[in-house]
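In what follows, a single structure is set out as structure tokens and then discussed.
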Number of protein chains: 2
Amino acid sequence: MKFSKKRKLILDFILNNDKHLTADSIYLELKKDNPELSLGTVYRNLAQLSENELIKKISLNGQIDVFDKNLEKHGHLICDLCNSINDIDISPLEETIKKMSEKNNVSMTNYELTLHGVCKICENEIKE
Amino acid sequence: MKFSKKRKLILDFILNNDKHLTADSIYLELKKDNPELSLGTVYRNLAQLSENELIKKISLNGQIDVFDKNLEKHGHLICDLCNSINDIDISPLEETIKKMSEKNNVSMTNYELTLHGVCKICENEIKE
DNA sequence: ATAGGTGCAAAGTCTTTGCGCTTAA
DNA sequence: TTAAGCGCAAAGACTTTGCACCTAT
């Protein structure tokens, strides 16, 4: 994989960002300082970078794909109110899920867990 | 909610089918005997029926939504080879997930678990 | 030198929607 | 009767792709 200027730009942006980013949000943000950047390039790079496991592609609630710098196995919490996405540790489930796949007689290659609820920030706003 | 002929047609088809169906597959299948059926109607009915909890909308791996007659809480196994979707029992995780949401300090409303791997049928084909 | 990357715009896929007609309750 | 549903076709949202030019290696 070649490391073009655009590719570095996109990768750095993701690595230096704590949010879960959509292709479009990356495009819009980077376009501010790089007006010639095209959305197609962003999509092509996100595909390339996630194939090469430098970032992680997450298909959560259908609609929009989101990209994550956290390559570790983890779950997501999507807030019902603000739609924010937060990573959660799912190591406590690891064992049970493995057993489950054995019980179902399947050789598991991967799994995804997504919780829906109200995030801490929104919870606090309600209390006020 | 009114129970029009088309709505009954679509609901019955889902309830009498064991597969996880996409809007398009429902449309194509029903159109055979109901040539005037339109895809918009299928989408509108699927939305309506799942809002009223007669069927369940499942957004799995991003792209396409799928509809399920199984209203019980359950997980899904998507086969890496044939892309089939099978329901799996996730009751063994219930407790741990609840604890996890408490630990993360969020009021959980729902969760989804999807396993990826090789289903029994494909597994057997490989062995042969 | 050249395989791979880029911008741009067109096309693709899935889903929603506006409109005038139809139908269940 | 009338709110809700329908067919149709157009539009939306997100993503991919073809092409001619450019650039990292």
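Residue numbers start from 1 in every chain, and the chains themselves are labelled A, B, ... in the order their sequence lines are given, proteins ahead of strands.
The distance from atom CG of A:Asn34 to atom C1' of C:dG5 is 15 Å, rounded to the nearest whole Å. The CZ atom of A:Arg7 sits 17 Å away from the P atom of C:dA3 (whole-angstrom rounding). Atom NZ in B:Lys6 sits roughly 7 Å away from atom C1' in D:dC6 (whole-Å rounding). Going from atom CG of B:Asp65 over to atom P of C:dT13 covers 17 Å, rounded to whole Å.
A donor-acceptor pair under 3.5 Å is formed between the side chain of A:Thr109 and the backbone N or O of B:His116. A donor-acceptor distance shorter than 3.5 angstrom exists from the side chain of B:Asp89 to the backbone of B:Ser91, with no hydrogens or angles considered.
Considering only residues two or more places apart in sequence or on other chains, B:Glu36 meets the side-chain contact (heavy atoms from CB on, under 4.5 Å) condition with B:Lys6, B:Asn34. Every residue two or more places apart in sequence or in another chain was checked for a side chain to side chain donor-acceptor pair (under 3.5 Å) with B:Thr96, and none qualifies. By the salt bridge (charged side-chain N to carboxylate O under 4.0 Å, His left out) test, A:Asp18 pairs with A:Lys69, sequence neighbours left out. Partners of A:Asp68 under the side-chain contact (heavy atoms from CB on, under 4.5 Å) rule, at least two apart in sequence or in another chain, are A:His20, A:Lys56, A:Ile58, A:Asn70, A:His74, A:His76, A:Asp87. In this view, B:Glu102 satisfies the salt bridge (charged side-chain N to carboxylate O under 4.0 Å, His left out) rule with no residue, not counting sequence neighbours. In this view, A:Thr22 and A:Asp24, A:Ser25, A:Ile64, A:Val66 satisfy the side-chain contact (heavy atoms from CB on, under 4.5 Å) rule, not counting sequence neighbours. Residues passing the side-chain contact (heavy atoms from CB on, under 4.5 Å) test with A:Arg7 are A:Met1, A:Phe3, A:Ser4, A:Asn45, A:Gln48, A:Leu49, sequence neighbours excluded.
Using a 4.5 Å cut-off on side-chain heavy atoms (C-beta onward), B:Glu94 and B:Tyr111 make contact. Counting only heavy atoms from C-beta outward, the side chains of A:Leu9 and A:Phe13 never approach each other to under 4.5 Å. In this structure, the side chains of A:Asp80 and B:Asn110 stay at 4.5 Å or more apart for every pair of heavy atoms.
Two end axes, each from the C1' atoms of five base pairs, can be drawn for the helix from C:dA1-D:dT25 to C:dA25-D:dT1; they diverge by 40°, to 10 degrees.
Taking a 4.0 Å limit (strictly below) on heavy-atom distances, residues 35-52 of chain A reaches DNA chain C at A:Glu36, A:Leu37, A:Ser38, A:Thr41, A:Arg44, A:Asn45. Of the residues in residues 21-31 of chain A, not one comes within less than 4.0 Å of DNA chain D through any heavy atom.
Identified under the side chain to side chain donor-acceptor pair (under 3.5 Å) test for residues 119-128 of chain A, with sequence neighbours left out: A:Glu123-B:Ser107.
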Polar atoms only, N or O, under 3.5 Å: list the protein pairs with nucleotides 20-25 of chain D and their distances.
| residue | atom | partner | partner atom | Å |
| --- | --- | --- | --- | --- |
| D:dT23 | O2 | A:Lys2 | NZ | 3.3 |
| D:dA24 | N3 | A:Lys2 | NZ | 3.3 |
| D:dT25 | OP1 | A:Phe3 | N | 3.4 |

